[in-house]
Amino acid sequence: MPEETLIREGDRSNHVVLLRSGFVKVTASLENGRESLLAIRVGGDIVGEMAAMDDGAPRSATVTACGEIVASIVRESDLRLFLNTHPEAARAVNRIVVRRLRWANQRRVEFGAYPVKVRLARVLAQLAASYGHQVPRGLVIGVDLTQPEMAALTGSAEVTIHKALAELRRDGLVTTGYRRTTVLDLDGLREAARLGTDCS
C-alpha cells in the first residue's frame with residue numbers, strides 16, 4: 001500500500017523486510033522535529049537488518065513504502081536460523097551492513113568536504129548507476145525524488161538544491177520533470193561529482 005509504514009523509528013520490533021519490487025524511503029527524525037531522508041531501498045534490498053542483529057535495540061529509522069511494493073516479512077528467529085545454516089548468506093548480509101556503514105561514513109565526510117553541487121552530483125550518479133534504466137536520451141533514475149528529498153539526501157537546503165539542479169541542467173548533465181530525473185551524461189555527472197568516469 002502506498003505510504004504504508006513498514007518499520008517505525010523507536011519501535012522494539014526486530015523483523016526484517018525483504019523488498020521484492022517497488023521502493024521505500026528510510027527516514028529519521030531530527031531534533032528540530034523535521035525528517036531526514038537517509039536512504040532509498042529498492043526491490044532486492046533488505047531493510048531492518050540492524051535491529052535483527054542488535055538484540056533489544058529500538059529501530060533507528062522509519063521505512064515507508066513509496067507507491068506499490070511487494071515485500072516479505074522475515075521474523076528475526078527465522079532469519080537467525082537461516083543465516084546459521086547458510087554461512088554464505090550470513091556473509092552476504094554482513095557485506096550489506098558494512099557497505100551501508102561505509103556509505104553513511106562517506107556521506108558525513110562529503111557534507112563537510114564538498115559543495116552542494118558536487119554532493120548532489122554524487123547522489124544522482126550513484127542512484128543512476130544503481131537504479132537507472134536506459135532510455136534513448138540517457139538513464140532515468142528509477143526512484144521518484146522531490147527536491148526536498150534531494151536536499152535531505154545531500155544535507156543541504158532546498159533552495160540550494162534548486163540552484164545546483166539548475167547548474168547540472170545547464171551543463172547538459174541531467175534533465176528534470178515532475179518527480180523524474182534523467183541523467184544525460186553519466187561520465188560527465190561523475191566528473192562533476194569528482195568520482196572519475198570509471199563506473200565499475
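The structure displayed is predicted, hence computed values, not measured ones. Hydrogens, waters and symmetry mates play no part in the numbers below; they use all other heavy atoms, side chains included.
Counting heavy atoms from C-beta on, the side chains of Glu49 and Val97 come closer than 4.5 Å. Residues Thr27 and Leu38 are not in side-chain contact: their nearest non-hydrogen atoms beyond the backbone lie 4.5 Å or more apart. Using a 4.5 Å heavy-atom cutoff, the side chains of Leu139 and Val135 are not in contact. Contact check for Arg194 versus Tyr114: side-chain heavy atoms found under the 4.5 Å cut-off. Annotation: side chain of Thr181 is not in contact with side chain of Val140 (no heavy-atom distance under 4.5 Å). Looking at Arg180 and Thr175, their side chains never come closer than 4.5 Å, going by heavy atoms from C-beta outward. Looking at Val93 and Leu83, their side chains come closer than 4.5 Å, going by heavy atoms from C-beta outward. At a threshold of 4.5 Å between non-hydrogen side-chain atoms, the residues Ile161 and Val116 count as touching.
Between the Arg122 side chain and the Leu195 main chain, no donor and acceptor come within less than 3.5 Å of each other. A side-chain donor-acceptor contact under 3.5 Å links Thr154 to the backbone of Met150. Under a 3.5 Å cut-off, the side chain of Asn84 and the backbone N or O of Leu81 do not form any donor-acceptor pair. Between the side chain of Arg75 and the backbone N or O of His15 there is no donor-acceptor pair closer than 3.5 Å. Looking only at distances, no side-chain donor or acceptor of Glu76 sits under 3.5 Å from a matching main-chain atom of Val16. Checked by atom type and distance alone, the side chain of His86 pairs as donor or acceptor with a backbone atom of Phe82 at under 3.5 Å. Formation of a donor-acceptor pair under 3.5 Å by the Arg59 side chain with backbone atoms of Arg12 is not found in this model.
One hydrophobic cluster, built from ILVMFWY side chains closer than 4.5 Å, holds both Val26 and Ile73. In terms of hydrophobic clustering, with Ile, Leu, Val, Met, Phe, Trp and Tyr side chains grouped at heavy-atom distances under 4.5 Å, Leu6 and Leu18 are assigned to different clusters. In the hydrophobic cluster analysis, where Ile, Leu, Val, Met, Phe, Trp and Tyr join through side-chain heavy atoms closer than 4.5 angstrom, Ile46 is grouped apart from Val63. Hydrophobic clustering of Ile, Leu, Val, Met, Phe, Trp and Tyr side chains at less than 4.5 Å, counting indirect connections, keeps Ile96 apart from Val42. Linking ILVMFWY side-chain heavy atoms closer than 4.5 Å, directly or via other members, places Leu186 and Ile40 in a single hydrophobic cluster.
Atom NZ of residue Lys117 and atom CG of residue Leu168 lie 5.5 Å apart, to the nearest 0.5 angstrom. Residue Leu189 holds its CG atom at 8.0 Å from CG of Leu120, rounded to the nearest 0.5 Å. For the atom pair Asp11 CG and Thr62 OG1, the distance stands at 8.0 Å (nearest 0.5 Å). Going from atom CG of Leu184 over to atom CG of Asp171 covers 11.0 Å, rounded to the nearest 0.5 Å. Expressed to the nearest 0.5 Å, how far NZ of Lys25 lies from OG1 of Thr5 amounts to 12.0 Å. In this structure, CG in Asp54 is found 10.5 Å from CG in Asn14, a value given to the nearest 0.5 Å.
Atom CZ of Arg80 sits in a crowded spot, with more than 12 heavy atoms from other residues, nucleotides or ligands closer than 6.0 Å. Within a 6.0 Å radius of CE in Met50, no more than 12 heavy atoms belonging to other residues, nucleotides or ligands are found. The number of heavy atoms from other shown groups lying within 6.0 Å of CZ (Arg99) is above 12.
Remark: Arg170 pairs with Glu167 by the side chain to side chain contact (heavy atoms under 4.5 Å, CB included) rule, at least two apart or across chains.
Across all non-hydrogen atoms, the minimal contact from Ala51 to Ser13 is CB-O, 3.9 Å. The two residues Ala65 and Ile69 make their nearest non-hydrogen contact at CB-CD1, 3.9 Å. Summarising the geometry of Gly10 relative to Pro58, their closest heavy-atom pair is O-CB, 3.6 Å, with the distance given to 0.1 Å. Residues Ala121 and Ala192 share a closest heavy-atom pair of CB-C, 4.1 Å. Counting all heavy atoms, side chain and backbone alike, Ala52 lies closest to Leu79 at CB-CD2, 3.9 Å.
Side-chain contact, Thr176 with Arg169: a donor N or O sits under 3.5 Å from an acceptor N or O. Counted by atom type alone, Arg20 and Ser72 present one or more donor-acceptor pairs between their side chains at under 3.5 Å.
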Would Val74 and Val17 count as a side chain to side chain contact (heavy atoms under 4.5 Å, CB included) if you check the C-alpha gap in whole Å, the side-chain angles of each, and the deciding distance to 0.1 Å?
CA-CA 6 Å; Val74 182; Val17 179; over 6 Å; no

Apply the test side chain to side chain contact (heavy atoms under 4.5 Å, CB included) to residues Val24 and Thr64: give CA-CA distance (whole Å), side-chain angles for both, the deciding distance (0.1 Å), then the verdict.
CA-CA 5 Å; Val24 299; Thr64 307; over 6 Å; no

